[in-house]
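Data block below; observations after.
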Amino acid sequence: MPRLELCTDKPTLARSAVNHFVTRAQGAIAARGRFTVALSGGSTPRAMFELLAQPEYASRVDWQAVHVFWGDERTVPPDHADSNYHMAKETLLDHVPLPDENIYRMRGEIEPQQAAPAYEMQLKTVFGDDALPRFDLIYLGMGDDGHTASLFPYTPAVHEQNHWVMAQYVDKLQSWRITLTPPVLNAGRCVIFLIAGADKAARLDEVLNGPHQPDALPAQIIEPTDGELIWLVDEAAAAQLT
Ligand code: 6PG
(Lines give C-alpha, C1' and ligand atoms only; values in the text may rest on other atoms or scores of the structure.)
Protein backbone atom coordinates (compact mmCIF):
# COMPACT_ATOMS: atom_id res chain seq x y z
CA MET A 1 0.00 0.00 0.00
CA PRO A 2 1.28 3.52 -0.78
CA ARG A 3 2.26 5.46 2.33
CA LEU A 4 1.86 9.19 2.77
CA GLU A 5 4.39 10.90 5.02
CA LEU A 6 3.27 14.41 5.91
CA CYS A 7 6.05 16.93 6.53
CA THR A 8 5.53 20.36 8.05
CA ASP A 9 7.43 22.29 5.42
CA LYS A 10 10.12 22.02 2.72
CA PRO A 11 13.09 21.83 5.12
CA THR A 12 11.37 19.01 7.04
CA LEU A 13 10.58 17.23 3.79
CA ALA A 14 14.23 17.52 2.72
CA ARG A 15 15.35 16.06 6.07
CA SER A 16 12.95 13.16 5.77
CA ALA A 17 14.10 12.49 2.20
CA VAL A 18 17.72 12.47 3.38
CA ASN A 19 16.94 10.12 6.25
CA HIS A 20 15.36 7.69 3.78
CA PHE A 21 18.48 7.94 1.59
CA VAL A 22 20.87 7.21 4.46
CA THR A 23 18.79 4.39 5.95
CA ARG A 24 18.22 2.66 2.63
CA ALA A 25 21.80 3.10 1.53
CA GLN A 26 23.03 1.46 4.74
CA GLY A 27 20.54 -1.37 4.34
CA ALA A 28 21.27 -2.02 0.67
CA ILE A 29 25.04 -1.94 1.14
CA ALA A 30 24.81 -4.28 4.13
CA ALA A 31 22.54 -6.68 2.21
CA ARG A 32 23.96 -6.51 -1.33
CA GLY A 33 27.22 -4.59 -1.19
CA ARG A 34 25.91 -1.59 -3.13
CA PHE A 35 23.17 1.03 -3.24
CA THR A 36 21.61 2.02 -6.54
CA VAL A 37 19.58 5.24 -6.50
CA ALA A 38 17.83 7.27 -9.22
CA LEU A 39 17.58 10.98 -8.46
CA SER A 40 14.71 13.18 -9.54
CA GLY A 41 15.12 16.52 -11.23
CA GLY A 42 13.42 19.86 -10.99
CA SER A 43 13.77 22.20 -8.03
CA THR A 44 12.29 20.24 -5.11
CA PRO A 45 15.27 17.92 -4.58
CA ARG A 46 17.77 20.80 -4.27
CA ALA A 47 17.29 21.21 -0.50
CA MET A 48 17.56 17.46 -0.01
CA PHE A 49 20.84 17.26 -1.98
CA GLU A 50 22.32 20.21 -0.08
CA LEU A 51 21.41 18.60 3.25
CA LEU A 52 22.70 15.18 2.25
CA ALA A 53 26.04 16.79 1.36
CA GLN A 54 26.39 18.04 4.95
CA PRO A 55 28.93 16.01 6.97
CA GLU A 56 26.33 15.00 9.57
CA TYR A 57 24.57 13.00 6.85
CA ALA A 58 27.23 12.37 4.21
CA SER A 59 29.48 10.75 6.81
CA ARG A 60 26.85 8.04 7.36
CA VAL A 61 26.98 6.84 3.75
CA ASP A 62 29.65 4.55 2.24
CA TRP A 63 29.83 6.53 -1.02
CA GLN A 64 32.26 4.05 -2.64
CA ALA A 65 29.33 1.61 -2.81
CA VAL A 66 26.75 4.13 -4.04
CA HIS A 67 25.72 4.24 -7.72
CA VAL A 68 23.81 7.34 -8.83
CA PHE A 69 21.43 7.49 -11.79
CA TRP A 70 18.66 9.85 -12.90
CA GLY A 71 14.97 9.29 -13.55
CA ASP A 72 15.00 11.78 -16.37
CA GLU A 73 17.03 14.54 -17.97
CA ARG A 74 16.58 17.56 -20.12
CA THR A 75 18.21 17.66 -23.56
CA VAL A 76 20.84 20.21 -22.57
CA PRO A 77 24.59 19.95 -21.89
CA PRO A 78 25.72 18.78 -18.44
CA ASP A 79 26.88 22.27 -17.47
CA HIS A 80 23.57 23.89 -18.42
CA ALA A 81 21.48 25.50 -15.67
CA ASP A 82 18.48 23.33 -16.65
CA SER A 83 20.41 20.07 -16.39
CA ASN A 84 19.21 17.77 -13.61
CA TYR A 85 22.75 16.37 -13.47
CA HIS A 86 24.19 19.87 -13.13
CA MET A 87 21.96 20.68 -10.16
CA ALA A 88 22.88 17.43 -8.40
CA LYS A 89 26.57 17.95 -9.17
CA GLU A 90 26.58 21.47 -7.73
CA THR A 91 24.62 20.61 -4.59
CA LEU A 92 25.73 17.04 -3.81
CA LEU A 93 28.05 15.15 -6.15
CA ASP A 94 30.94 17.61 -5.88
CA HIS A 95 30.78 17.43 -2.07
CA VAL A 96 30.84 13.70 -1.36
CA PRO A 97 33.53 11.05 -2.09
CA LEU A 98 31.48 9.35 -4.81
CA PRO A 99 33.73 7.80 -7.49
CA ASP A 100 33.18 9.32 -10.94
CA GLU A 101 32.60 5.84 -12.37
CA ASN A 102 29.61 5.48 -10.02
CA ILE A 103 27.82 8.43 -11.62
CA TYR A 104 25.63 7.42 -14.58
CA ARG A 105 24.56 10.58 -16.38
CA MET A 106 21.91 10.70 -19.08
CA ARG A 107 23.68 12.44 -21.96
CA GLY A 108 21.41 15.37 -22.68
CA GLU A 109 23.96 16.91 -25.00
CA ILE A 110 23.65 14.28 -27.73
CA GLU A 111 20.73 13.34 -29.97
CA PRO A 112 17.96 12.10 -27.62
CA GLN A 113 17.30 9.11 -29.90
CA GLN A 114 20.92 8.11 -29.24
CA ALA A 115 21.01 9.11 -25.57
CA ALA A 116 18.07 6.88 -24.62
CA PRO A 117 19.47 3.57 -25.93
CA ALA A 118 22.91 4.54 -24.67
CA TYR A 119 21.51 4.93 -21.15
CA GLU A 120 19.65 1.65 -21.46
CA MET A 121 22.98 0.00 -22.29
CA GLN A 122 24.51 1.59 -19.19
CA LEU A 123 21.68 0.20 -17.09
CA LYS A 124 22.31 -3.25 -18.55
CA THR A 125 26.00 -3.09 -17.69
CA VAL A 126 25.12 -2.35 -14.07
CA PHE A 127 21.97 -4.41 -13.54
CA GLY A 128 22.38 -7.10 -16.19
CA ASP A 129 20.01 -7.59 -19.11
CA ASP A 130 18.06 -10.62 -17.96
CA ALA A 131 15.47 -8.65 -15.98
CA LEU A 132 14.29 -5.12 -15.34
CA PRO A 133 16.77 -2.98 -13.38
CA ARG A 134 15.68 -3.00 -9.73
CA PHE A 135 16.84 0.25 -8.13
CA ASP A 136 17.13 0.24 -4.36
CA LEU A 137 15.62 3.73 -4.28
CA ILE A 138 14.00 5.99 -6.86
CA TYR A 139 13.10 9.61 -6.11
CA LEU A 140 10.38 11.20 -8.21
CA GLY A 141 8.83 14.63 -8.36
CA MET A 142 5.42 15.62 -9.68
CA GLY A 143 4.66 18.60 -11.87
CA ASP A 144 1.50 20.65 -11.36
CA ASP A 145 0.15 18.88 -14.44
CA GLY A 146 0.60 15.49 -12.81
CA HIS A 147 3.69 14.46 -14.80
CA THR A 148 6.50 12.56 -13.14
CA ALA A 149 10.04 12.01 -14.36
CA SER A 150 9.49 13.04 -17.98
CA LEU A 151 6.28 11.07 -18.37
CA PHE A 152 4.04 13.93 -19.46
CA PRO A 153 0.28 13.79 -20.00
CA TYR A 154 -0.86 12.10 -23.23
CA THR A 155 2.64 11.09 -24.31
CA PRO A 156 3.52 7.56 -25.48
CA ALA A 157 6.17 7.22 -22.76
CA VAL A 158 3.41 6.88 -20.16
CA HIS A 159 2.46 3.48 -21.59
CA GLU A 160 5.86 2.26 -22.80
CA GLN A 161 6.30 -1.39 -21.79
CA ASN A 162 9.42 -2.49 -23.69
CA HIS A 163 12.14 0.15 -23.57
CA TRP A 164 13.72 0.97 -20.24
CA VAL A 165 14.65 4.50 -21.35
CA MET A 166 12.83 6.67 -23.88
CA ALA A 167 13.37 9.93 -25.70
CA GLN A 168 10.07 11.79 -25.66
CA TYR A 169 9.19 15.04 -27.40
CA VAL A 170 7.08 17.16 -25.02
CA ASP A 171 4.84 19.57 -26.92
CA LYS A 172 4.13 21.84 -23.96
CA LEU A 173 7.86 22.28 -23.38
CA GLN A 174 8.68 22.30 -27.10
CA SER A 175 11.66 20.14 -26.26
CA TRP A 176 12.82 16.56 -26.02
CA ARG A 177 13.30 14.78 -22.73
CA ILE A 178 15.00 11.50 -21.78
CA THR A 179 13.16 9.41 -19.21
CA LEU A 180 13.07 6.09 -17.46
CA THR A 181 9.86 4.30 -18.36
CA PRO A 182 7.12 2.96 -16.07
CA PRO A 183 8.36 -0.66 -16.07
CA VAL A 184 11.73 0.45 -14.68
CA LEU A 185 10.24 2.96 -12.24
CA ASN A 186 7.78 0.31 -10.99
CA ALA A 187 10.55 -2.26 -10.54
CA GLY A 188 12.15 -0.19 -7.78
CA ARG A 189 12.47 -1.59 -4.25
CA CYS A 190 11.35 1.80 -2.97
CA VAL A 191 9.91 4.78 -4.85
CA ILE A 192 9.61 8.09 -3.02
CA PHE A 193 7.73 11.09 -4.40
CA LEU A 194 8.97 14.45 -3.11
CA ILE A 195 6.10 16.92 -3.41
CA ALA A 196 6.07 20.38 -1.86
CA GLY A 197 4.22 23.61 -2.34
CA ALA A 198 0.64 24.84 -2.63
CA ASP A 199 0.83 24.78 -6.43
CA LYS A 200 0.78 20.97 -6.32
CA ALA A 201 -2.14 20.64 -3.86
CA ALA A 202 -5.10 20.35 -6.23
CA ARG A 203 -3.30 18.00 -8.59
CA LEU A 204 -2.04 15.81 -5.75
CA ASP A 205 -5.61 15.26 -4.55
CA GLU A 206 -6.63 14.28 -8.09
CA VAL A 207 -3.71 11.87 -8.35
CA LEU A 208 -4.25 10.23 -4.98
CA ASN A 209 -8.03 10.37 -4.65
CA GLY A 210 -9.43 10.96 -8.13
CA PRO A 211 -10.26 8.49 -10.91
CA HIS A 212 -7.41 6.39 -12.30
CA GLN A 213 -6.46 8.19 -15.49
CA PRO A 214 -2.67 7.95 -15.99
CA ASP A 215 -2.79 9.46 -19.47
CA ALA A 216 -3.98 12.69 -17.88
CA LEU A 217 -2.12 12.14 -14.60
CA PRO A 218 1.05 10.16 -15.34
CA ALA A 219 2.07 10.10 -11.65
CA GLN A 220 -0.73 7.55 -11.27
CA ILE A 221 1.21 5.07 -13.45
CA ILE A 222 3.68 4.65 -10.58
CA GLU A 223 2.62 1.50 -8.73
CA PRO A 224 5.71 -0.50 -7.72
CA THR A 225 5.29 -4.18 -8.59
CA ASP A 226 7.17 -5.40 -5.55
CA GLY A 227 8.33 -2.35 -3.70
CA GLU A 228 7.39 0.46 -1.37
CA LEU A 229 5.71 3.65 -2.58
CA ILE A 230 6.05 6.65 -0.29
CA TRP A 231 4.48 10.06 -0.92
CA LEU A 232 6.63 12.55 0.97
CA VAL A 233 4.45 15.66 1.01
CA ASP A 234 4.62 18.98 2.83
CA GLU A 235 1.55 20.53 4.43
CA ALA A 236 1.11 23.07 1.63
CA ALA A 237 0.90 20.36 -1.02
CA ALA A 238 -1.34 18.22 1.19
CA ALA A 239 -3.75 21.08 1.95
CA GLN A 240 -6.45 19.92 -0.50
CA LEU A 241 -6.30 16.20 0.18
CA THR A 242 -9.82 14.95 0.74
C1 6PG B 1 12.29 17.35 -14.28
C2 6PG B 1 11.79 16.41 -13.26
C3 6PG B 1 10.30 16.55 -13.12
C4 6PG B 1 10.11 17.21 -11.78
C5 6PG B 1 8.74 17.79 -11.65
C6 6PG B 1 8.61 18.60 -10.37
O7 6PG B 1 13.23 17.01 -15.00
O8 6PG B 1 11.76 18.47 -14.29
O9 6PG B 1 12.24 15.21 -13.25
O10 6PG B 1 9.57 15.36 -13.19
O11 6PG B 1 10.36 16.25 -10.75
O12 6PG B 1 8.53 18.62 -12.76
O13 6PG B 1 9.52 19.67 -10.46
P14 6PG B 1 9.71 20.71 -9.27
O15 6PG B 1 10.37 19.94 -8.16
O16 6PG B 1 10.58 21.79 -9.84
O17 6PG B 1 8.32 21.18 -8.90
Side-chain angles (χ1 to χ4, degrees), residues 7 9-14 16-18 37-52 68-78 80-92 104-109 112 115-116 119 135 137-155 157-158 160 165-182 184-186 188 191-204 206-208 214 216-222 229-234 236-239:
C7 302
D9 51 24
K10 289 184 181 180
T12 314
L13 184 137
S16 181
V18 167
V37 58
L39 303 179
S40 55
S43 58
T44 303
R46 176 179 285 270
M48 170 200 159
F49 296 163
E50 288 168 344
L51 189 62
L52 179 55
V68 173
F69 302 77
W70 277 264
D72 72 323
E73 186 55 281
R74 291 83 179 279
T75 48
V76 294
H80 192 283
D82 290 347
S83 164
N84 290 334
Y85 163 81
H86 178 69
M87 190 271 276
K89 181 177 190 299
E90 271 196 326
T91 54
L92 175 61
Y104 305 84
R105 180 176 68 82
M106 291 178 169
R107 294 168 59 199
E109 72 277 17
Y119 204 67
F135 285 96
L137 180 55
I138 299 171
Y139 288 103
L140 291 173
M142 186 191 78
D144 59 10
D145 60 356
H147 82 262
T148 189
S150 282
L151 307 174
F152 281 83
Y154 307 106
T155 59
V158 173
E160 174 59 37
V165 189
M166 259 189 88
Q168 178 67 65
Y169 186 77
V170 183
D171 288 332
K172 72 178 285 189
L173 301 176
Q174 294 197 330
S175 73
W176 286 87
R177 289 287 189 95
I178 305 158
T179 186
L180 297 184
T181 58
V184 174
L185 297 172
N186 284 328
V191 181
I192 298 180
F193 274 98
L194 305 180
I195 302 178
D199 62 321
K200 308 286 176 76
R203 196 67 72 185
L204 180 62
E206 282 184 58
V207 167
L208 293 181
L217 301 169
Q220 291 183 332
I221 205 82
I222 303 303
L229 175 58
I230 299 172
W231 296 82
L232 217 44
V233 180
D234 75 352

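Owing to the predicted nature of the structure, the values given are computational and were not obtained by experimental measurement. Remember, it's 1-based here, ligands and their atoms both numbered in the order they're listed.
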request  = Classify the ring geometry between W176 and Y169 as parallel (under 30°), tilted (30 to 60°) or perpendicular (over 60°).
outcome  =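 Taking Y169 first and then W176, their aromatic rings stand perpendicular (interplane angle over 60°).
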
message = Side chain or backbone, does T148 bring an N or O within less than 3.5 Å of an N or O on ligand 1?
response =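 Not met; the criterion fails.
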
task = May I ask you to check whether R74 has an N/O atom sitting below 3.5 Å from an N/O atom of ligand 1?
result = yes

query = Can a salt bridge be assigned to the pair R177 and D72 using a cut-off of 4.0 Å between side-chain N and carboxylate O?
reply = yes

With heavy atoms under 4.0 Å as the rule, classify the contact between [X] and ligand 1 as side chain, backbone, both or neither.
X: A149; value: backbone
X: D72; value: side chain
X: S43; value: both

What is the distance from atom [atom1] of [X] to atom [atom2] of [Y], rounded to the nearest 0.5 Å?
X: I195; Y: L140; atom1: CD1; atom2: CG; answer: 9.0 Å
X: M48; Y: L232; atom1: CE; atom2: CG; answer: 9.5 Å
X: S40; Y: M87; atom1: OG; atom2: CE; answer: 7.0 Å

request  = State if E73 counts as touching ligand 1 under the rule of any non-hydrogen atom under 4.0 Å.
outcome  =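 Under 4.0 Å: no for E73.
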
With heavy-atom distances below 4.0 Å as the criterion, list the atoms of ligand 1 near [X].
X: M142; answer: 5 (C), 6 (C)
X: G141; answer: 11 (O)
X: N84; answer: 1 (C), 7 (O)
X: G42; answer: 1 (C), 2 (C), 8 (O), 13 (O), 16 (O)

